[in-house]
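A quick write-up on the structure given underneath.
The model shown is predicted, which means the values in this text are computed figures rather than measured ones. Chain letters run A, B, ... following the sequence lines, proteins first and then strands; every chain starts at 1.
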Amino acid sequence: MIWVFIGALANIGFILLAAPLLDGLERKIKAWLQNRRGPPIPQTLYDIVKLLRKPGGLTGNPGLLYRIAPYMFFTNMVIAFLFIPTLLDYSLSFIGDIIVVYYLITASSIILAMGSISTGNPFAITGSTREISLSMAGKLLTGITLAIFVAVNKSFLITSLFPIIPPYRLSSILGLIVFAILVYIEGFRLPFDIPEAEPEIAGGVIIEYTGRDLGFAIYSLLLKRLLYTSILLNLVIPRYTVFSPIYYIVGVIVFSILFSTIECFSGRHRIEYALSFMKKLSLATGVVLVLAVLGY
Amino acid sequence: MRERLGLLRRSISVGIVTEKYPYKPIEVPEGFRGKPVIDQDKCLGCGACVNACPPNALSMTDDLDRGVRVIKLFLGRCIFCGRCQDVCPVEAIKLTREFELASINHNDLYQEVALVMAKCMVCGRPYTTIRLVEHVASNLPREQRSHLLLCPDCREKHSSKKVSYARW
Amino acid sequence: MQSSATKLVEELGRFGIVEWIDSHTLIVHVDRSKLRDIAKYLHWGIGGYFSVSIGSDERPLDNSFHVYHVFSLDHLGVYVVVDIRVSPGYLHVPSITPIIPGANWHEREVMDYFGIMFDDHPEPKRLILPYNWPKGVYPLRKDYPYNKKVYIEEASDEPEHDSRFAGKYTIIPIGPYHPALHEPEYFELYVDGERIVGARYKGFMVHRGMEKIAESRMTINQIPFLAERICGICGYTHNVAYCQAVENVAGIDVPERAHYIRSIMLEIERIHSHMLWLGIAFHFLGFDTGFMITWRLREKVMDLAEMLTGNRKTYGLNLIGGVRRDIDLSKALKVKKVLRDLRKDYVDYMEKILGLKEIIYRTRGVGVLDYGEARKYSVLGPTARASGIDTDVRKYHPYAAYRHVDFKIPVYKDGDVLSRILVRHEEIIESINIIEQLLDNLPRTPIMAEEIHVPEHRIGVGVTEAPRGEDIHFVITSRDNKIYRWRPRAPSYNNIPALLVMLKDQHLADAPIIIASIDPCFSCTDHVLIIDVRTGSRKQVGLRELSRRGLG
Amino acid sequence: MDLNTIFYLLIPSSLIFLPIIALFRGKTSNYIVHGVSITVSIIIIILSLYVLASGSTLDFTYKICLDYSYPILSFKVIHFRLDSLSAFFTLVLGIVSLASSIYGIGYIGRFYGREHIGWYGVNYLLFIISMYGVLTTYNLFIFIIFWELMTLSSQFLVSYEKNKKQALWAGYKYFCVSKLGAEMIIIAGLVLMIIYSGYNVDYEVVASRFRELFLRTPVIANAVLMLLFMGLGIKAALVPFHNWLPDAHPEAPSNVSALLSGVMIKMPIYMMYRLFYQFSQPTIYWGVIISSFGVVTLFTGTLYALVQIDSKRLLAYHSIGQIGYVVLGLGASGTLYAMGNYPLAFIALLGSMYHLINHALFKSLLFLTAGSVVYRTGLRDLNKLSGLAKYMPLTALTALIASLSIAGIPPFNGFVSKWIIYISTFCAGGYLAFYGLFALFISSVTAASFVKYFTTIFTRSPFEPGSYKKLEEVPFPMSLAQVMLAALCILFGIVVVIPLKLITSAISLLGLNIIQYQYISFGIGFIEVNNIGVNSPLFIGFILAIILPILYILIARPRYTSYGIWSCGTLVKEGLLHYPGRSYFRGFKEVFSEAYTVGKAVHEVLGVTSINYSLKFFKKLQRIIEDPVAMIVLTLVVVLLIIWAVGW
C-alpha cells in the first residue's frame, strides 16, 4: 500500500514537469511546420513559472468562487492523476474510479467556468457557455466510449481496463479510435479551441485571470490535456513490464507530435459546427456500443 | 485530407525561414533609405533641407548672441523620405543604410551642426553662415561678390538682388 | 464614347451649369432645389455611384461655403462633381441620404467640420467630433487656426448604446482594443447567445489632423509624403491619387515611364496588401499556418518594394510631375524572376488552403451583402465586386499606365466572405500579370516632368484603385505652392457602414472575419480626425501637439 | 411516554391544531403553525431515526366499532405502522419539513396583509400530516384517503396567492391531473377488493393476494399494476405525465415548493418500492418499463430545464429530471433482481434511495434559496436577476453548495448517489449500460444548467446598478434553514456511512439482505476500509481538493491587484455588462435540437394531451354536477353500487 502511494506521488511529480515540457514540444513542432524557429522547448515552463510568481488580479465583483477556481481546477487535476497510472504503474484505483476521473474533469471545467462567469465579463461568459456546451457534448461521447470499454471488458476497474487490447475486438478498436478523437477534442486543440477563441472572445474562459491565477489555470489545462492522453495511452500500451515507463514516454511524445501536426493544418470551427460534429460522432459511436454489447 | 497532407509536405520541404534577428544582422539592399547623417564639414547651413523636409524633422535656428547657426536633425520625427538629400547643394546630408535607431538615450536621436555666422559689414548683425558666403562667392562672378557681405536688409537698401539657395 | 459624354453634358444641363474641369471630370453647379433630382439621376438613374462629399469654406474666395458631391459614372469613364453653393447666412443643404444611404457619413462629416446642416438627414448626429467638443466650433473652417487649442468639457453621459438592444441583449464590445481589430475602432455587437442581433459602430478614434495640417502648413510637394502616411498598408495609392489630382489641375504632362513605374509600385502594393489581408483572414479563421504561409510569401514582395524604392512600405516615390527613382534593367529582371516564383508558390498554396473544409465552411454564406445593399451604400473595390458590382477604377477610369495593359476584373455574385476572398485571390494573380506586362513594355522616357506650374483655385480630382477600392482625392489649389482644400477619401469610408448590414444575424464567431472581410482600413478612414476622444479628462489639445504625435 | 404512544398520538393531536390555526390571522397564525409543524417534524425525525437505528417497527391500530355485517367496512381497524422503509421516507419528510417550517417563519411574512395566513397554516399543517399519514398507514384504503388529503391541501397551497391568475390555473391543473392519478389508484384498489371480495386491504393482505393474483391471472395482475404505476407516475411527474409539475411547483410559496419537490413527489416512489418489492416480485419487463420511464424522464426533464429562464420553473423541471434518476435506479434494480443478480440489484436500489434523500435535501435547499431571492427582490426571471452574492452571501453560498450537489460535483452528496447508480447500470451491461450513459450525459447537462442558475442569480454585478440598494441577507430563520440543509448536503457527501446505514436498514425490509450482499465485494470504495467513517484515500483526496484551495485563499491571503473588467479598453457601465439567462447554451440547444424535438413530442403531445384529457374529463364532470338530473342519476347509481357492494 505504501509503495502504491509513493509510486503515485512519483507519477504526479513526473506529470507536473512533463505537462509544460510537452506543450513546449508541441509549440516547437508547430513552429517548424509553419517554417518558424519557434520558442525553446522549456518556454511554456518558463511562462508558467513567471506567471506563478506574479500576483493575481481581481476584476469586476467576483468573490470567492473566482479566486479558488484555478486552484480547485489544479487540485482536481492532480487528484485525477492519482487514479491513472502514468510513468510508473502505480495508481490508487478501485471499482468505478473511471467515473470519478470523469467527474473530476467535469467538476474542473464547471468550476473554472463558474469562476470565470462571476467576473461578469461578457467575453468570459460567452467563452464559458461554449466551454460547457462542448463539455456536455464531450461527456456524451466519453460516456459512450467508456460504455464500450466496460462492455468489452466487463469490468469497471481502470487497472483492469488497461490495456484494452487484448481482447482484440472490432468494437474495442473502433472505440479506441473514437477515444483518440475525443482526446484531441478535449485537449482544446484547433479546431476545437473555441472556448478560448482569440479573434472574437479574446481568451474567453481565462480572459480575466492574470498572474498566479492564470498560471494555475494554464497549468491545469495542460494537465487536463495530458490526463486525456494518459488515459488513451493506458488503453494501448502494455503495463506492468519493466519497459512501461519507456513505452509511456515514447507514447506521449508520439501523440504530441501527431496532435500538433494535425492542429497545425486546421482552422477553428464555429461552436455549433463542433457540436454537430460531436453529435454525429456520438451517433456513430453509439452504433459501436451496440456492436460491443452484441459481443463483436 | 489531401490538401492537408500537401501542405504538410510543402512545409517540410521549405524548412525554417525566420532569422535569428537580433543575433544575426539583416542585410538591406542598395539604395535603402535609412538614417540620415549630416556631414559637419560639408554643410553650408543654407537651410534648403529644412525647407524641403515634410515632417519638420530638420530645423534651423540662428543664435544671434553667439553668432552661430544650428541645423538640427531629430530622428524621432524623420520619415526617411530623402528629400533633404535631394535638395542639398553640396551633398552634406545623406541617407545611410542604417536602420536600427533604438536607443536608451534620447540625445542619440539628435544631430546638430553648428556653423559660425558671418556678420554684416554695415550693421554688424550675423545674417548667414561664413561657409555659405564662401560657397556662393566661389560660384559668383567677382563683381557681384561685394553684396554678399551685407545682411539682406542692408542689401535691400543697396537695392541688390538677393542670393539664396533656399527655394522650397 | 465621346458622343455619349456630350449627351451626358446635355442631360446634366437640365440641372445646372455644366463645365469640364479636365478631360474626364465634369462639374455641375446646381441650385439647392435641384440637388436631390441630380443625385437621384446620377446614382439610381444612369448607373453611376455616389463617391464622396466634400465641404469647403470658400468665404475668402467667393464669400460662401460649398458642398461638393462627387459621383462616378463608370460606363462613361467620367466623374461628376455636383457643386452646391451655401451662403453663410443660411447654412442649410437638402440631404441626399434619404436617396443614397451611403451619403450618411459624408454629410455628417461636413456637418461636424463646417456647421452646414443637412435638411431631412435621418441621423443628424455627430460623426467625427467627440460629443464633448464645444458647440459652434468648426475646425475645418478657414477662420479656425490649425494650432488653436480648444477647451474640452468634462465627460458627461453620452447616449452610447443602441436603445433598441442595450439592456435586452448582451453587449460584446469589439474594440477599441480588441485582438480582432488591429486599429482602434469600436464595434458594439448585441448578441443573444452566439447570434448577433444588432451592431453599432463608433469610429474616428485615430487622432490626426491631416487635412488641416496640409491645408495650412505644408507645401504642395510635401503633401505626397503626408498622403502616403494616411494608411500603413496602401499609402502609396493615396500618394498617387493626390499627385494625380494636382497634376490634373495643373495639366502636367507626366512622362510615360513615370506612369509605368507608378503602376508597377501600385500593383506591388496591391499584392502585398491582399496577401496581408489573406493572412489576417486565415488568422481570424483560426488557421494560423495559413497566416504564416501568406505572410512568408508576402515577404518576398516586401523585399521587392525595398529594392525598388528603398523602403518596405513608405515608398516615398512620388513628387508632383513624376517619380524619384527609376527601375533599371537588372532590377526589372529580378522583379520578374521573383514574381514568377511567387505566382507558382502562391497558386499552389492557395489551391490547397481553399480546399480546407473549415475555411470554406466558415466563409460561404457568411456576412452576405447583396447587390441591392451594396448599391445603397455604394461600397467599393473587392467588397463591391464580391457583391456583383462590376467596378474598377483601373478599368473604367484608366490612370497611370493601366490603359496599356490587359487584365480582367473578377466579379462574384454571392456577396459573402468567400467571394471576397476569391476576388482578392484572383486580383493577386492579375496584379502579377500586370506587373509583368508593364515591365516588358517599360518606355524609355525621363521620369520627371519638366514644366510644373499649378494654377490657383482650381478643383482637381485624382482617383486610384486602392487595394480596398476607389480612393479619391479632391483638391482645390491655392497660391504659394499651397493647397486650399484637400479631401482624401479612402475606400473603407464607404465600406464600413455596410458592415452593420453584413453583421446582422451572424454568429459571434464570424464577427471578426466579417469585419475583416471588407479589409477595413480604419486609419485611412479616420485620417481626418482632429481631436483626442479619450474622455473623462479635462485637457486641451492643440493641433500642433497632435500633429507631432501623429507624424513623429 | 414511550415512542409508540407518541406515534399513536401524533396524527390526532396535530389535527387538533387545525381549527386553532384557522382562527388566527397574521403573525400569530404564522408562529402557531410553524411552531406546531416544527414540533411535528422533530418528532417525526426522532421516531424515524429510532426505527431505522433499532430496526424495530412502531405499530398500532385504531379500532373502529362498526357493524361487521357490512363487508366493505370490514377492515375493522385502521392500521398504522412505521417500519424501516416508511421510516426512511418519514426521515426525509421530517428533515425537509423541519427546514421549510423554520424557513416559513420568515418567508410567510411576505404575505402579511395580503393573504389569509390562517388558510395557509391549515393547509400547510394538513399537508405535512397527510404526507406523514401516507407514509405510515398500513392500509391501502387509508392510504388513498391521506393521498387525496395530500392532493387537496397541496392544491390549495399551490393556488395560495389567490389574486394570481397563474397560480389559480396551476392549482386547478395540478388538482385535476392528480385526481386522475388518484382515480387510477382507486380503480386498481377497487379491482383488487372486488375480485377477491375480501375487503381487508392491509398491506400484508394486499401483498399476499397480489402474489396469488400473479400466479393465477397474470394479465389482470399486470393491468392492476399498470394502473397503480400510472396513478403513482402521474403524481411523481414521470414523463409523459409530468406536465402539471413545472406549473404547479413554482407557484406555491417557496417553502411549500421545497416540500412539494423535495418530499411530495417521493410519496409515489415510496409506494412504488412497496409495490414492486413488497406487493409483487420484480420482473424483467417491469424493470425495463420502469427504467425506461426513468431514462425518458431524466432526459426530457433535464434538457427542458436547461432552457428555462424562470428560476423556480428551472428547479421544477430538474425535479422531474432527478426523479428520473431515482426511478432509473428502481427499474435497474428490478431488472437485476429478476435476473438473479442480487448484489447489483442491491446497489441499484441503494443508489436510487440515496439519490432520493439527496434530492430531497438539495432540491428543497434550492427552492429555499430561490425563495430567498424572491423574498428580497420579488424576481424569478433569470434574464433580470444578477449579482446577488454581494448582498446575500449566505444564500449564495448555500445555493452554490446545492448547485454543486445536484450537479454531482465531488465531494457533495449528489456525486455519491449518481456514482452508485452508474456503477450498477454500467456493470450490469445490456440495455442498462445505455441507460447509464444517458444518465451520465444528463448529469453534465444538469451541471451546465446549474452553472446557469447559480451564475445568473448570484454572480457578476447587478443588472441595474442601484436597484438592489436595500438588499440584504434574509432573516435569521430563513438562513438557518438553508444552512441546515447545506450542512446535510455536505455531510451526506462526505460521511457516506450514515446515509448508507439508514438506507440498508430500509432496504432490508424489501428482501435484499445487507448481510448477504456486503458492499465490500463490489468495492464501493469509501466503505471498504472500515465502517467507522471516511478513511478512503479517494475521499481524503476530494476533501483536500476542496479544502486546500479554500485554505490557501483564506489563510495565505494571496496578493491580488484590482482591475476593471476588460471590455476592450472602453469604460462600460456596470449594468450593461449583462448576460441574460436565455442566452446561455444557445448553440447547444440548436445543435441538439433533435433531442428537443423528441422531448417536445413527449412533452407536448403526450403530456399536454393527457392534461387536456383530464381537464376535459373534469369539465364534463362539472357539467354533470351542475345538471340536477344527471346528479340524481349518478347518486342513484352510486347508491346502487354501494348496495351491491355491501352485499344486500
Side-chain angles (χ1 to χ4, degrees), chain A residues 26-38 117 119-134 185 188-204 206-208 260-277 280, chain C residues 169-175 177-182 187-196 279-297 299 349 352-363 365-366 503 506-516:
Chain A
E26 292 190 12
R27 282 167 81 173
K28 195 84 188 172
I29 290 164
K30 271 188 271 177
W32 283 340
L33 290 175
Q34 291 170 346
N35 314 119
R36 294 184 288 128
R37 247 161 239 285
I117 290 174
T119 60
N121 185 333
F123 290 92
I125 304 176
T126 310
S128 300
T129 57
R130 285 181 183 187
E131 158 95 29
I132 294 171
S133 299
L134 275 182
I185 293 171
F188 56 92
R189 290 178 166 93
L190 277 173
F192 298 99
D193 74 330
I194 304 162
E196 276 127 45
E198 183 251 343
E200 69 261 23
I201 52 171
I206 53 172
I207 185 171
E208 288 293 355
S260 51
T261 310
I262 295 172
E263 189 177 7
C264 200
F265 296 105
S266 32
R268 187 179 291 108
H269 279 324
R270 224 183 274 144
I271 175 79
E272 87 280 3
Y273 185 73
L275 286 175
S276 67
F277 171 80
K280 283 176 207 153
Chain C
Y169 296 99
T170 312
I171 299 171
I172 299 273
I174 306 269
Y177 302 102
H178 189 279
L181 302 173
H182 302 146
F187 283 91
E188 198 167 79
L189 304 182
Y190 302 96
V191 300
D192 183 10
E194 295 279 335
R195 194 161 285 278
I196 300 168
I280 304 260
F282 291 145
H283 170 66
F284 288 155
L285 294 171
F287 181 47
D288 280 347
T289 308
F291 167 71
M292 299 289 173
I293 289 169
T294 41
W295 279 47
R296 179 163 62 76
L297 295 178
E299 203 53 34
Y349 268 123
K352 292 187 170 101
I353 292 175
L354 290 178
L356 293 184
K357 213 169 63 177
E358 292 103 65
I359 305 287
I360 301 301
Y361 176 78
R362 286 201 53 187
T363 52
V366 167
L503 280 171
Q506 299 295 316
H507 282 269
L508 175 60
D510 293 332
I513 183 68
I514 292 172
I515 292 173

R270(A) with E194(C): basic N within carboxylate O range, under 4.0 Å: no

Under 4.5 Å from a heavy atom of chain A, the part of Y361(C) involved: both

Closest-packed option against chain A by number of heavy-atom pairs under 4.5 Å, given F287(C), F282(C), F291(C): F287(C)

Residue, of D288(C), T289(C), I515(C), V191(C), that accumulates the most heavy atom pairs under 4.5 Å with chain A: T289(C)

Verdict with reasoning, L285(C) to E358(C), per side chain to side chain contact (heavy atoms under 4.5 Å, CB included): CA-CA 8 Å; L285(C) 294 171; E358(C) 292 103 65; over 6 Å; no

Verdict with reasoning, H283(C) to W295(C), per side chain to side chain contact (heavy atoms under 4.5 Å, CB included): CA-CA 11 Å; H283(C) 170 66; W295(C) 279 47; over 6 Å; no

L134(A) vs L275(A) side-chain heavy atoms within contact, under 4.5 Å: yes

